[in-house]
Peer 1: 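Sharing a structure with you now.
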Amino acid sequence: MHPWLEKQRHLIDFTLAALARRKAKNIGLLAAYALLVFVLASLALFTQALRKEAGFVLAASPEVIVQRMVAGRHDLIPPGYLDKIGRLRGVQKKEGRLWGYYYDPVVSANYTFMARPAEEVASGSIMLGATLARARGLQLGNLISFRSYAGKLFSFKVAALLSPDSELLAADLVLLSEEDFRAFFDYPAGHYTDIALSVANPQEVRNIAAKLANALPDSRPILREEVLRTYQSIFDWREGIVLTVLAGAILAFALLAWDKASGLSAEEKREIGILKAIGWETGDVIRMKLWEGVLVSLSAFLLGFVAAYIHVFYFGAAIFKPVLQGWAVLYPSFTLVPAVDGLQIATLAFFTIFPYSAAVLVPIWRAATTDPDAVMR
Amino acid sequence: MIQLSAVKKAFNQGRPNEYWALHGIDLAIEAGRVTALRGPSGSGKTTLLTLIGCLARPTSGRVRLRGEDISGLPERFLTEIRRQTFGFIFQQFNLIKGLSALENVILPAFPTGRPRAELVEKAEILFDQLKLGHRAAAKVEWLSGGEQQRVAIARALINDPAVIIADEPTANLDTALAREFMAILEGFTAAGKTVLLTSHDPLVVESSAVHRVVGMRDGRLVDA
Ligand SMILES: Nc1ncnc2c1ncn2[C@@H]1O[C@H](COP(=O)(O)OP(=O)(O)OP(=O)(O)O)[C@@H](O)[C@H]1O
Ligand SMILES: [Mg+2]
């Protein structure tokens, strides 16, 4: 093996032995540091995953949704309204949508009921999200009854389970035929909840919105890109809030780690003197300590990051969920699709490994550059 | 082997607590022989050893090693000379606690980048010579004083130095162990090594293993 590599191996060997000798100190340090990484990484992974989810959710939604406003509130689309829109250049498809919320007291959760054309869902049957099915213990072919807001019981047969890319997207979704929808909610015939427009060219979305506002002054066009932007900034804002709340704790941990890392005991100073006296160069001592810093902070990073990954993607970020999720609707349970951003990891890794290694180096520099003759006394 | 001319050493030079530990030393140390420095406490013996062993630089004067002036070299070169030429046996042994005897012995060779297997092999040979083979894996803090010193000796020899420097090598040993040390000293001479040591101990300075005794007092050489 190359002498340089061999030398680094020696230095790592020595570092590991040195770490093992100061077990209590180093395990405490590792734990504090890993916890710090865990908190930051959980936060980063969770918000990143939510952003990704929001993207998924909205990818499936139409580019423009038109709502009708009455007295500043969202109201039903009356019959004939759809035709008033007329032909708009760039709009590929326009359709009236029917959807509403249903509160299920059995699992204390809100479902989204949505009507689909008869070709997709036959009358008397429903398709529902896998999460919801799990919560109600439903399987394909089972029957389920919902009591409508009017007090009548409706029974449906489970025709299919939805398992899209994003569980969050379909978690609470129930699809049923238009006929069943209108009957269940006593929805007035010919009315719709809103209108969905498909626009192929994203450049045209704003134009179309402007034209709509002109043609139908009582309408409110909602653009997908704007919703997306709103979601992103909500998550950014929430992330910021959590960071602010945690700032004190993070700072305390950072200071603890810095203090532990940068403190040099008399014993360690003596050892550095001995190493220098028996022929180690100042550079060797510093390299050895650098290895120590890198090994400790790298393992803390890996430990904290893996724990955060498990926390976020297997335990649904139980610690941060209440603050960060903040969706209006309650979800019985859901797992996020693992979404990891390379740049984000790199940033976190840099800001955990680099300052720590630097903290280790500062005092060593001073100790390692003192004269080695001190060991003779 | 080593020549000193007009070597002076001041501590805390220019400050109120300035102290001149050596006042001009002229000395030649012959290769292959055992030279002992003798003198009362505070006479500057240890200070002189640190200058010869490249652990410190003289304030003025020259130290020559094999004819080459080493007194003005930068630290990096001094370290290299120290590692290649000198082996140190410290009075307090200065072993690193928590590591095994074997690990302590191979430490000085780490910067050379020699493969570990080679170092371990060399250390085992030294342990056998010093009758320490059975304690190689023991942590140094569990060893007796005599054993610790032999670990320190093995460590001084791992890089195969030409010169061994020992400060008060018998100060922490009883008579029997001190005699053993003198036997080891004869082994060094037989192996052609140059030895420089300091001692108050009559057992050392009057021993036939020591070829020359240099007296010191108040930072100057005196007739022994
Ligand atoms: N780093 C230092 N700073 C100030 N004074 C020092 C320093 N090192 C040594 N001295 C002084 O220099 C003088 C010589 O010290 P040195 O250790 O060389 O003596 P010594 O002959 O080895 O004594 P001993 O037999 O007690 O070991 C002493 O008076 C000591 O106090
Ligand atoms: Mg001394």
Side-chain angles (χ1 to χ4, degrees), chain A residues 1-27 264-292 364-377, chain B residues 9 11 45-51 53-57 74-100 103-119 139 141 152 155-156 158-159 161 165 167-168 198:
Chain A
M1 209 193 286
H2 191 278
W4 186 87
L5 283 179
E6 196 66 56
K7 186 164 149 179
Q8 303 308 312
R9 233 190 79 190
H10 288 320
L11 294 180
I12 293 174
D13 279 350
F14 182 81
T15 299
L16 289 177
L19 287 173
R21 277 180 301 142
R22 288 181 266 274
K23 247 186 230 117
K25 174 185 163 178
N26 288 308
I27 289 178
L264 204 56
S265 66
E267 178 71 17
E268 280 172 287
K269 279 198 193 113
R270 198 184 78 97
E271 282 177 9
I272 289 170
I274 295 173
L275 292 174
K276 287 198 73 179
I278 62 176
W280 284 40
E281 273 164 36
T282 305
D284 295 327
V285 175
I286 289 172
R287 269 189 286 274
M288 180 270 287
K289 269 288 168 177
L290 196 60
W291 275 118
E292 181 181 316
I364 283 299
W365 190 270
R366 252 180 287 134
T369 48
T370 53
D371 279 342
D373 64 336
V375 291
M376 293 289 261
R377 341 216 145 256
Chain B
K9 178 71 179 177
F11 291 108
K45 304 182 295 292
T46 300
T47 306
L48 193 56
L49 286 190
T50 63
L51 298 184
C54 298
L55 287 166
R57 284 192 213 102
E75 147 129 23
R76 231 163 60 77
F77 294 94
L78 288 181
T79 307
E80 204 169 314
I81 293 172
R82 191 155 75 230
R83 184 168 63 232
Q84 286 169 358
T85 312
F86 296 100
F88 293 90
I89 303 164
F90 304 101
Q91 182 175 349
Q92 311 295 338
F93 308 142
N94 279 338
L95 299 174
I96 293 193
K97 289 200 197 79
L99 296 185
S100 69
E103 290 294 333
N104 263 284
V105 167
I106 62 179
L107 270 184
F110 280 7
T112 64
R114 277 154 71 198
R116 190 180 167 88
E118 188 185 315
L119 298 180
K139 290 221 156 80
E141 58 266 42
R155 184 177 67 181
I158 190 79
N159 283 336
I165 290 183
D167 196 14
E168 308 278 355
T198 69

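All values below come from the heavy atoms of this structure, side chains included, with hydrogens, waters and symmetry mates left out.
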Peer 1: Identify which of Glu168(B), Glu103(B), Arg83(B) forms the greatest number of heavy-atom pairs closer than 4.5 Å to chain A.
Peer 2: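 If we count pairs closer than 4.5 Å to chain A, Arg83(B) comes out on top.
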
Peer 1: Is chain B contacted by the side chain of Gln8(A), its backbone, both, or neither, given a heavy-atom distance below 4.5 Å?
Peer 2: neither

Peer 1: Output a table of donor-acceptor pairs, distance under 3.5 Å, between side-chain atoms of residues 86-96 of chain B and any protein atom two or more places apart or on a different chain; print 'none' if there are none.
Peer 2:
unit_1	atom_1	unit_2	atom_2	d
Asn94(B)	OD1	Arg270(A)	NH1	3.1
Asn94(B)	ND2	Val375(A)	O	3.0

Peer 1: State, to 0.1 Å, how close Ala17(A) and Leu99(B) come at their nearest heavy-atom pair, and which atoms those are.
Peer 2: CB-CD2, 3.5 Å

Peer 1: Side-chain atoms of residues 282-289 of chain A: list all donor-acceptor pairs with protein atoms under 3.5 Å, sequence neighbours left out, distances to 0.1 Å.
Peer 2:
unit_1	atom_1	unit_2	atom_2	d
Thr282(A)	OG1	Lys276(A)	NZ	3.2
Thr282(A)	OG1	Ala368(A)	O	3.4
Thr282(A)	OG1	Glu75(B)	OE2	3.3
Asp284(A)	OD1	Lys7(A)	NZ	3.1
Asp284(A)	OD1	Arg287(A)	NH2	3.2
Asp284(A)	OD2	Glu281(A)	N	3.0
Lys289(A)	NZ	Glu268(A)	OE2	3.1
Lys289(A)	NZ	Glu292(A)	OE1	3.1
Lys289(A)	NZ	Glu292(A)	OE2	3.3

Peer 1: Do side-chain atoms of His10(A) reach the backbone of Arg114(B) as a donor and acceptor pair under 3.5 angstrom?
Peer 2: yes

Peer 1: Quick check on Phe11(B): does its CZ atom have over 12 non-hydrogen neighbours (other residues, nucleotides or ligands) under 6.0 Å away?
Peer 2: yes

Peer 1: Roughly how far apart are Asn104(B) CG and Ile274(A) CD1, rounded to 0.5 Å?
Peer 2: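 Result: 8.0 Å between the selected atoms.
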
Peer 1: Has the side chain of Trp280(A) got a donor or acceptor atom that lies under 3.5 Å from a matching backbone atom of Phe110(B)?
Peer 2: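 Not a single qualifying donor-acceptor pair exists.
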
Peer 1: Shorter than 4.5 Å, heavy atoms on both sides: which option in Gly98(B), Pro111(B), Pro108(B) has the most such pairs with chain A?
Peer 2: Pro111(B)

Peer 1: Which region of Arg82(B), side chain (C-beta onward) or backbone (N, CA, C, O), has a non-hydrogen atom less than 4.5 Å from a non-hydrogen atom of chain A, or is it both or neither?
Peer 2: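 Side chain only.
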
